[in-house]
> 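Take a look at the following structure, please.
Every number for a ligand or one of its atoms is a count from 1 in the order of the listing.
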Amino acid sequence: MLDFDNVNADKILTRYDIKMEAAEKPETIAARILPKDPLLKKVADDVWTLKGKLVEEDVKAALKSHSPEEVIQNGLLKGMDVTSELYGRGIYYLPHVMVASDAMTKGMKLAEGALASGHMKTKGTIVMHAAEGDPHDIGKNIAAVLLKSNGFGVVDLGRDILVSDVVDAVVKNKPMMVTGTALMTTTMSAFPKIAERLEEKGINIPFICAGGAVNREYVESYPMGVYAEKAAQGPGLATKAVEGWDWRKLRDKWDDLMSGKA
Ligand code: B12
């Protein structure tokens, strides 16, 4: 049996990244990301400090003096940004991410409700999904809210969606754009299959692909694929697609678009 009482902690493998970064407290890291406005900061704090019980009340309070878009972008999403940063640094673990995302989703539902009446006619329809076999949908959900809050109509198919169901939904809804999210190396291969089947049906629309499993090089290796790194890039890509940019132009001008030059 191992005798933990006599273990010399100094002789145990040390992760130097965590040791060095531990000098910075989560509050200090958060302060760099959080908004200054006290009401929006409260909303963001509810997300990253995992206070899901308070989020609805605080979102309602913030909506009295801020637009739903502001509450989403500068409140809820800032809270999620802090969570991602803490997770990336090894300070937060998976359960923290899950609880924070749950708090964010609760707040999003309320803020989205306040948005709905503002956009009766949408700028265009977008079909969204998380790849076949992939249960990771937090990023897709954020992207969907940002697209909706920018006036686009979203048909959200959900997560773990069969390649054939994505293709059928595109045929049925005739969107101006389709998106896919893949966080697992085992699921990203669904994207070229979707592209191939869409091409066979003569469909030629931008297919925005995102998620930690893919990168720009991979996404540009199949027809229609256009890479997105962050949810906040969705509305910019969709706006250009509505203006008539096809997937080839979105690829060519990608750097300018992302740096705000296009
Ligand atoms: C949360 C999480 C889960 C949750 C998912 C909950 C949910 N509803 O999404 C749960 C617990 C279910 C889960 C399960 C698993 N997970 Co997991 N999970 C994660 C974790 C910690 C965070 C993912 C996340 O939500 N990030 C935050 C969001 C905001 O990021 P995002 O989705 O990438 O979105 C950003 C961009 O990609 C972009 N974006 C995304 N979509 C879109 C769409 C558009 C249009 C646009 C413009 C932008 C955009 O915008 C966002 C940023 O602004 C990651 C670790 C990591 N570092 O990513 C592992 C991770 C993805 N999981 C992993 C694994 C392996 C699993 C499991 C297989 C574990 C297991 N052995 O059981 C299972 C899946 C089992 C199954 N097949 O069902 C691996 C994948 C490894 C790989 N390369 O294949 C990771 C990387 C962990 C690791 N380091 O090993 N997981």
> Protein heavy-atom contact under 4.0 Å for atom 69 (C) of ligand 1?
no
> Scan the protein's non-hydrogen atoms and note whether one is under 4.0 Å from atom 73 (C) of ligand 1.
no
> Could you find the nearest protein heavy atom to atom 62 (N) of ligand 1 and give me its residue, atom name and distance?
H136 NE2, 3.0 Å
> Which residue and atom name correspond to the protein heavy atom nearest atom 1 (C) of ligand 1, and how close is it?
L94 CD1, 3.5 Å
> Which heavy atom of F152 sits nearest a heavy atom of A238, and at what distance?
CZ-CB, 3.5 Å
> Using 0.5 Å steps for rounding, measure from the CD1 atom of I142 to the CD atom of Q73.
10.5 Å
> How about atom 65 (C) of ligand 1: does it have a protein heavy atom within less than 4.0 Å?
no
> With atoms numbered from 1 as shown, which atoms in ligand 1 lie under 4.0 angstrom from a non-hydrogen atom of M184?
68 (C), 77 (N), 80 (C), 82 (C), 84 (O)
> What is the distance from atom CG of L34 to atom CG of L40, rounded to the nearest 0.5 Å?
10.5 Å
> Starting from the C-alpha separation in whole Å, work towards a yes-or-no answer on salt bridge (Lys or Arg N to Asp or Glu O under 4.0 Å) for K240 and E243.
CA-CA 5 Å; K240 290 298 175 194; E243 284 172 14; 3.3 Å; yes
> Report, in ascending order of atom number, the atoms of ligand 1 lying under 4.0 Å from any heavy atom of G133.
77 (N)
> Any luck finding a side-chain donor-acceptor pair between H66 and N74 under 3.5 Å?
no
> Go through ligand 1 atom by atom and flag the ones less than 4.0 Å from a non-hydrogen atom of R159.
8 (N)
> In Å, rounded to the nearest 0.5 Å, how long is the span from CE of M184 to OG of S189?
11.0 Å
> May I ask which of L146, D102, L183, T83 has a heavy atom nearer to atom 33 (O) of ligand 1 than the others do?
L183
> So is T185 polar-close to ligand 1, meaning N/O to N/O under 3.5 Å?
yes
> What is the closest protein heavy atom to atom 22 (C) of ligand 1, and at what distance does it sit?
V97 CG1, 4.4 Å
> Please list, in number order, the atoms of ligand 1 under 4.0 Å from a heavy atom of A228.
47 (C)
> Protein heavy atoms near atom 27 (C) of ligand 1, is at least one of them under 4.0 angstrom away?
no
> Return the closest protein heavy atom for atom 49 (C) of ligand 1 as residue, atom name and distance.
A210 CB, 3.3 Å
> Is any side-chain N of the basic residue among D37 and K41 closer than 4.0 Å to the acidic one's carboxylate O?
no
> For atom 7 (C) of ligand 1, state whether the nearest protein heavy atom is under 4.0 Å away.
yes
> Would you please indicate yes or no on a ring centroid separation below 6.0 angstrom for Y93 and Y87?
no
> Considering all protein heavy atoms, does one lie under 4.0 Å from atom 76 (C) of ligand 1?
yes
> I'd like to check whether T181 has a polar contact with ligand 1, where a contact means an N/O of the residue lying under 3.5 Å from an N/O of the ligand.
yes
> Please tell me whether D81 and W48 have a donor and an acceptor in their side chains that are separated by less than 3.5 angstrom.
no
> Determine whether the side chain, the backbone, both or neither of I138 has a heavy atom under 4.0 Å from any heavy atom of ligand 1.
both
> Nearest protein heavy atom to atom 31 (P) of ligand 1, by residue and atom, and its distance?
G139 CA, 3.9 Å
> Applying a heavy-atom cut-off of 4.0 Å, say which part of P135 lies close to ligand 1: side chain, backbone, both or neither.
both
> Output the distance between atom OH (Y227) and atom OG (S221), rounded to the nearest 0.5 Å.
13.0 Å
> So which protein heavy atom does atom 52 (C) of ligand 1 come closest to, and at what separation?
A231 N, 3.8 Å
> Hey, is CD on E217 packed in by over 12 heavy atoms from elsewhere, all under 6.0 Å?
no
> Geometry only, no angles: is D137 polar-contacting ligand 1 at N/O separations under 3.5 Å?
yes
> Test N141 against every option in L146, T181, T105, D156 by the side chain to side chain contact (heavy atoms under 4.5 Å, CB included) rule and name the one that passes.
D156
> Report the distance from atom CG of D45 to atom NZ of K51, rounding to the nearest 0.5 Å.
7.0 Å
> Would you mind running through ligand 1 and noting each atom that sits below 4.0 Å from a heavy atom of G234?
47 (C)
> Which atoms of ligand 1 have any heavy atom of M98 under 4.0 Å away?
1 (C), 4 (C), 6 (C)
> Please confirm whether the backbone N or O of V163 pairs with a side-chain atom of E132, one donor and one acceptor, at under 3.5 Å?
yes
> Any protein heavy atom under 4.0 Å from atom 88 (C) of ligand 1?
no
> Does NZ in K106 sit with more than 12 non-hydrogen atoms of other residues, nucleotides or ligands closer than 6.0 Å?
yes
> Can you pull out the closest protein heavy atom to atom 38 (C) of ligand 1? Residue, atom name and distance to 0.1 Å, please.
E229 O, 3.5 Å
> Between atom CZ of F191 and atom CD of E196, what is the distance when rounded to the nearest 0.5 Å?
15.5 Å
> Contact between ligand 1 and S84 is defined here as a heavy atom of the residue under 4.0 Å from a ligand atom; is it met?
no
> Before accepting this row, confirm whether a basic side-chain N of the pair D255/R216 lies closer than 4.0 Å to the acidic partner's carboxylate O.
yes
> Please state which protein non-hydrogen atom is closest to atom 57 (N) of ligand 1 and give its distance, to 0.1 Å?
Y87 CE2, 3.6 Å
> Within a distance of under 4.0 Å, is there any protein heavy atom near atom 19 (C) of ligand 1?
yes
